[in-house]
Amino acid sequence: MSSFGHLSAVKKLQTLASSPIDFSKPGALTPQRLEKYAAHALGFTLLYGTERIDDAILKELLHLAQEAKAMEKMAAMQSGVAINRIEGFESEERAVLHTAMRDVFDHRQAAPVAKAASEVANLELKKLEHFLTKIEGRYTDLIQIGIGGSDLGPRALAVALEPFHKPERRMHFISNVDPDDANGILAKVDLKKTLVVVVSKSGTTLETLTNEAFVRTAFMKKGLDPKEHFVAVTGEKSPMDDRSRYLASFYIWDFVGGRYSATSMVGGVSLGFAIGYQGWKEILKGAHEMDYHALTEEPAKNLPLLSALFGIWNRNFLHLPTVAVIPYSQALHRFPAHLQQLDMESNGKRIDKRGRAVDFSTGPVIWGEPGTNGQHSFYQLIHQGTDTVPLELIGFKKGQYGMDLEVEHTTSQEKLLANLFAQSIALAVGQHNQNPNKFFPGNRPNRILLADRLDPRTLGALLSYYEHKVAFQGFIWDINSFDQEGVQLGKKLANQILALYRSKRTQENVPTFPLGEAYLKISQKNILPTN
Ligand code: G6Q
């Protein structure tokens, strides 16, 4: 049996799960309960009175964290122990130090590996400051080319901070190898004034290298020298580490995983361009404050740990297979896409850290859209469907622009918050009605993370909160949240199919692949795509 299954807290929680609080009973959800089940830190409030827990369950969840050594594992991670590994099998063997990317102002981590990592991160930061000063006034648009971890996090941050962008600075992202992605962006920009940041840690990713070639060709066709426009963010000594081809090169390292890399230069160059170096520092400071909170705050007040525990309660004890993350903030409309990768690539695992098949459920399916938009589409299923979907709701007391309008004596922000709070209550309590069509069963668990205003510092902290929620869950399940073997097989087969396409032009001999050949035949009737 897995180590998770052996924990005594797991047994107790299984018993407690047979009769969790029933919010549909009159008086079960009280104002006192909402006030009691709340944790406050760094300007955030986590409201969890609408999770199906009580004091006994909370106590046992905290016991689970203790038994699984969640805090010790967080300390090991942040100090640079090589936790990215599967014992006894060929695997990655790396430290996990995205937190060092933000421990750059006060170097709080004294452990030598973490300290050395924060020092190299600091050098890149100084390089960035210098670079941004040097290019001041030369470019109006920036295109970031990258995919997966080299796209989703930075894109979510850039989109979320649009009101903080410097005047006359526009951001664009190309990720998909679909030629329409690159063409669509190229049609929008004046290349003369465009900076292109090519981001690939490995320097070998098919989509990114193809898109780089695509965009370089567009520059050359216009008589522009790509060396004056292209910047590389890559691993040292990767195939992309060739300064002769780039205006500047910035580095990332093995100890920063792709989906955890938004606060390295993977996000730094483009965000620094968009919101300025000081704004970028604010993101790092916010993330660092949350890192330190996750590391040092006692479990009962530790926001990402509490969130991880409620997720585990819903997943392993109430057996709910998905989670919807719904930000009541239009600015966060790309954030669920980032969280899908962060959570599902990290915790979508079927073996534990010793290579044994797990006998419990690991990471849930994560999905989401901003509220209130979601209320007008999939909330029907959430309220009355046959599957229970737990929700993580995110809200802010103020809007980003500081401009609002009273209509019918309430502002838009008040309308947004009213909907957020109403949904939380409606999902939990439901509605009794003799008419089955109007009956809402309730007991849809949810929690709210509330903050003041979505500015760069708050966003940095929010990003880190989710990174640590995911890490804590992986620690408790005793799985490796930092590799991604599951994305390799499809890549390998895509290369075999590409060889089939290529061989039609070059006549070279390639290994046979009957299933791939069948798809080629069906899709094109042997006609190659034309330019
Ligand atoms: C993230 C994954 C993956 C990665 C992309 C891009 O954790 O490793 O999404 O970020 O495949 O990789 P490169 O940065 O190497 O191009």
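Just so you know, residue 1 is the first one in the sequence shown, and it goes up from there. Atoms within a ligand are numbered from 1 in the order they appear, just like the ligands themselves.
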| query | Nearest protein heavy atom to atom 15 (O) of ligand 1, by residue and atom, and its distance? | reply | S202 OG, 2.6 Å
| Closest protein heavy atom (residue, atom, distance) for atom 9 (O) of ligand 1 | Q341 NE2, 2.7 Å
Side-chain donor-acceptor contacts of residues 86-97 below 3.5 Å, not counting sequence neighbours, with atom names and distances?
residue : atom : partner : partner atom : Å
S91     : OG   : I86     : N            : 2.9
E92     : OE1  : N84     : ND2          : 2.7
E93     : OE2  : R85     : NE           : 2.9

| request: List the steps, then state whether side chain to side chain contact (heavy atoms under 4.5 Å, CB included) holds for Q109 with L295. | output: CA-CA 11 Å; Q109 278 291 339; L295 181 71; 3.4 Å; yes
| field | Ligand-side contact atoms (ligand 1) for residue partner G148, heavy atom cut-off under 4.0 Å | value | 9 (O)
| field | Distance from atom 4 (C) of ligand 1 to nearest protein heavy atom, with residue and atom | value | G149 N, 3.8 Å
| query | Should E467 and R259 count as an ion pair when the cut-off is N to O under 4.0 Å? | reply | no
| Nearest neighbour in protein (non-hydrogen) for atom 5 (C) of ligand 1 | I147 O, 3.5 Å
| field | Crowding at NZ, K285 (>12 non-hydrogen neighbours, <6.0 Å) | value | yes
| note | In terms of its nearest heavy atom to atom 13 (P) of ligand 1, the top option of L342, D151, T205, T204 is T205
| Taking the six-membered ring for Trp, are F219 and H229 parallel (under 30°), tilted (30 to 60°) or perpendicular (over 60°)? | tilted
| If you measure from the Lys or Arg side-chain nitrogens to the Asp or Glu carboxylate oxygens, is any gap between K469 and E392 under 4.0 Å? | yes
| message | Measuring from non-hydrogen atoms of E207 to any atom of ligand 1, is the shortest distance under 4.0 Å? | response | no
| request: Considering only non-hydrogen protein atoms, determine which one is nearest to atom 2 (C) of ligand 1 and report residue, atom name and distance to 0.1 Å. | output: E345 OE1, 3.5 Å
| field | Sub-4.0 Å atoms of ligand 1 with respect to non-hydrogen atoms of Q484 | value | 7 (O), 8 (O)
| said: Under 3.5 Å between any N/O of K491 and any N/O of ligand 1: does that happen in this structure? | reply: no
| Do R169 and T140 meet the criterion of a side-chain donor-acceptor pair at a distance under 3.5 Å? | no
| task | Check each atom of ligand 1 against the heavy atoms of R259 and keep those under 4.0 Å away; list them by number with element. | result | 1 (C), 7 (O)
| Protein heavy atom under 4.0 angstrom of atom 11 (O) of ligand 1, is there one? | no
| message | Tell me whether the rings of Y465 and F44 are parallel (<30°), tilted (30 to 60°) or perpendicular (>60°). | response | parallel
